[in-house]
Amino acid sequence: MARRDRGGEDTREAGIRRYILPMRLDHIRNFCIVAHIDHGKSTLADRLIEATGSLEKRQMRDQVLDTMDIERERGITIKLNAVRMQYTATNGYAYELNLIDTPGHVDFTYEVSRSLNACEGAVLVVDASQGIQAQTVSNLLLALDANLEIIPVLNKIDLPAAEPARRVGELRELIGAAESDILQLSAKEGTGIQDLLEAIVHRVPPPSGDPQAPLRALIFDSYYDRYRGAIPSIRVVDGRIVKGMEIAFGSHPQHRYEVAEVGYLQLAQRPIESLDAGEVGYVVANIRGVKETRVGDTVLDANQRAASMLPGYRDIHSMVFAGLYPTDANQYEVLRDALEKLQLNDASLQYEPESSVALGFGFRCGFLGLLHMDIVRERLEREWDLDLITTVPNVEYHVHRTDGTVVVVENPSTMPTGAAVDRVEEPYIKARITAPADYIGAIMQLGQERRGEYLDMQYLDPSRVEFEWQFPLAEIILDFYDRLKTVTRGYGSMDYEFSGYRRGELVRLDMLINGDPVDAFSMVIHRDRAHEWGRKMADRLKELIPRQLFEVVIQAAIGSRVIARQTVRQLRKNVTAKCYGGDVTRKRKLLEKQRAGKKRMKQVGTVEIPQEAFLAVLQVDKQ
Amino acid sequence: MRHLYIHVPFCARRCVYCDFAIAVRKRIPAHRYVRAVLREYECRSSRESWDDKPLETLYLGGGTPSLLPPNHVAELVCFLRDSEQGSTPVTDHEITLEANPNDVTPVAAAAWARAGVNRVSLGVQSFHAAVLKWMHRTHEADASGRAVRLLRDAGIRSVSLDLIFALPEELHHSVRNDLLRALELEPDHLSVYGLTVEPRTPLARWVSRGASCPPGDARFEDEFLLADEVLTTAGFEHYEVSNYARPNHHSKHNTAYWRRRPYVGLGPSAHSFGNGERSWNLDQWVAYQQAVAVNGDPTAARERLAMVQRRLEELYLGLRTTEGVPVNRFATWPTPLGQAAAQRGWLRVSDQRVRLTPLGWLRLDSIVQFLTTCDEGG
């Protein structure tokens, strides 16, 4: 603060400084908002920020916490963030309120749990017309796991379809809250916001922690800045973090980093001298990538290390795998660089090089879930202008051999078959599905179609039910959520968590083109469904592979047994009659155009397979 | 210049399948047309790059060149022939005129022959009245026979007939019948073209609204192979995808295209090739005429051929004819695809050359794609 001596700014700087001086713990409130998607979480956050004057009107964009374009477009939050607000309560005291944002999708359950752990309270938002949904319950359970004080809130009470009385009943049943504890507001209209701020001050406990102890801070988010490296968002639990000190991380304690900057977030980074116990902010320490600042990890003082880490840190484990291949083989290097850069910012993205007979060189990537996969793919295509083929997503199988060894299979085409295989195990998830009671039958049927194991069903109120099912993860990664939405006319919602590996009657289904298996089409599937899938796949490929010079025989096979067959007849004519008056150019341009089209095809032996065929596998069931 | 092409863009009517740059005129501006072409010729032939080899072939194509009054045809032909004969004129030069059967009169035929035209390509298309009417041709079914006799009488050395096949289902057209009728006229050469539905033609509009039903590729194949069988049995050589000739009656001019020899095209939309560059003229008669009037250069665009383009041309032009392409044209031979094609009887290799069979010609475009893909190791 050497600039302090500059005359005219003195007073103002001093004022600000007083404002941001370390607060006593009991004047800090750290909280989050949990809600089902579209129940108004982001709008509510905007209103709180506005009401506390934490940013000027002109800085307000709607839903300021969702910073990435993709998040905005999809209306979901995938990246954690935080905002500090100053609020003077009716009791006359000034409080520092830290709102920590949580991702709103099942793929990011672990990240949600870490950001909840950075808080002491949670505002549980329920749409007054839609009521409690699967994600409401899942997030509530996570919040309760984290020992948070829950402030239940009914939002959108301005809507004509709002049923506050009924929803209050539901909430009382769900969390045992007294009716008077349930706030009713409309984030859109801005009503009830003041009451909520007061409730946060009075009902959320202040952070506990030891300001004198060695530093321990929880990383609840991390992102990569091209110029400053990985920047973790942290909640200081004990001690303090100061500019210039050396820090280390619990998961790789041998590395030391010098803190270049600490600060808090108020839509922009606001540097300050230190973050103290109970506070929330960010750290810049010349960290190469977010791999080194894993969510859930503990930040330590490198020279005075705390005896124990904060609990709950977990390694990333990919749930869904798919091959990503550039359409144009020349873009392989671009894809590799793009994945490397993306991983700097997304520690949950895993990848390794892979090659496919059909698709050439690419990468096998591991994702937290399907949404995560979509986001990665979209960013690669958008930010790096790549044109990609994605293979059918699959889960990780454990193949137990008769000799007692276990092979972990991330790519179906590499799955061992035959006598050496004792059994195959696949991952299962426990799913929570809520829907109006009218759709019980439809959900039961869908569950059975997807090899689900029904566990339980409860009525949330007389007209709405909550199911518990076990599903093989493989059955839900493709299009389960879409199907659920379809059979419940949009009213069903779902959330899930990994529940372990179980044995399955699984076989590897290969698609053969003119006798040769095309690795990118291989999949692992339940024996009972293999025939139907193989037949549909052969039909679909027949539609998508154009007639060409040579006849194309498409076969579906389990091992050496062919279970379905289709033929694309050969093209009997492809010639342009004549070169008019020496116009050779026209004809050549036609050929060049056809060649450009061919470049978008993948050649397998003498057969050209259009890109769409590789996507078709994803849609086989949709017919 | 060894090879000259003159494009005469005028037609009395547009045929249903034609997407060509033509000018439909009741009265042909013959005088202005001849002046414009000769002016273009003078400008281009005065350039240093002009090849002064003696003329071997001259081809008047269209459009409908026979719509030009005979004296104008004679003026054009005589002037170009004399200007381009060089110091040692070629004795067996080929001068072709495309003609509509209706335009062949005793006077016209005699005038053409006098001017040096020794080959006439007649746009017969079919001998079925219903087919001709459907096509919007202006001639009657019996005009073709009469025209051939008049051309013979006038002493035209080589007479070629254009026929068409793969006509829409609804015409119930018999290709065999047309082929036999054509053979009765004892032509020296036949061009047998499969009908192609080009975009932005009346035919394409009929097809798109379901009023016309183009044949599937099975019938295309059947008719193509039928023509091959009938005509080769009658003593013709099937020497190019669409062309048949009796001995010594191959089209020398078209052969120059297929061999990638340099040529100059005069007139609207005419194409030229030489020194690794292809260029073409403005295709609209009015625009062409204006450009010629301004600076004698009606060139619309030109392109220098890249190596890969040149090789692509060599391959697809070479494979169009029985000359084929040399085996050493390929980086490796035989390739698996080449072998597969040979097994199916689509191509043959002899005298170190790869040649397509009629079955191969049916698939020419695909085969070229395949062979070039292999060639580039892709």
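Numbers restart at 1 for each chain; the letters A, B, ... are given by sequence-line order, proteins then strands.
- Each of A:Leu571, A:Leu549, A:Val575 was checked for a side chain to side chain contact (heavy atoms under 4.5 Å, CB included) with B:Arg363, and the lone residue meeting it is A:Leu549.
- At distances below 3.5 Å, at least one donor-acceptor pair connects side-chain atoms of B:Tyr263 with backbone N or O atoms of A:Gly582.
- In this structure, B:Leu317 CG and A:Arg588 CZ are separated by 10.0 Å, a value rounded to the nearest 0.5 Å.
- Distance CD/B:Glu313 to CG/A:Leu591: 10.0 Å, rounded to 0.5 Å.
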### Query
Step by step, would you call B:His271 with A:Val584 a side-chain contact (heavy atoms from CB on, under 4.5 Å)?
CA-CA 8 Å; B:His271 284 244; A:Val584 173; over 6 Å; no

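- Checking side-chain atoms of B:Glu221 against main-chain N and O of A:Lys573 turns up no donor-acceptor pair under 3.5 Å.
- Contact annotation for B:Trp346: only side-chain heavy atoms (C-beta onward) come within less than 4.5 Å of a heavy atom of chain A.
- Counted by atom type alone, B:Arg344 and A:Gln570 present zero donor-acceptor pairs between their side chains at under 3.5 Å.
- Considering CG of A:Asp583 and CZ of B:Phe273, their distance stands at 13.0 Å, rounded to 0.5 Å.
- Closest approach of A:Lys589 and B:Trp280 over heavy atoms only: NZ-CH2, 4.1 Å.
- If you measure heavy-atom distances from B:Ala218 to chain A, the contacts under 4.5 Å come from both the backbone and the side chain.
- Heavy-atom neighbours of B:Arg14 CZ from other residues, nucleotides or ligands within 6.0 Å: above the threshold of 12.
- Inspection of non-hydrogen atoms places B:Glu303, B:Leu305 of residues 298-306 of chain B under 4.5 Å from chain A.
- Under 4.0 Å is where a charged nitrogen must lie from a carboxylate oxygen, and between A:Lys587 and B:Asp365 at least one such pair does.
- Within residues 329-340 of chain A, no residue approaches chain B closer than 4.5 Å by heavy atoms.
- A:Arg572 is listed as a side-chain neighbour of B:Asp222, based on a closest heavy-atom distance under 4.5 Å.
- Salt-bridge annotation for A:Arg586 and B:Asp19: present, with a side-chain N of the basic residue lying under 4.0 Å from a carboxylate O of the acidic one.
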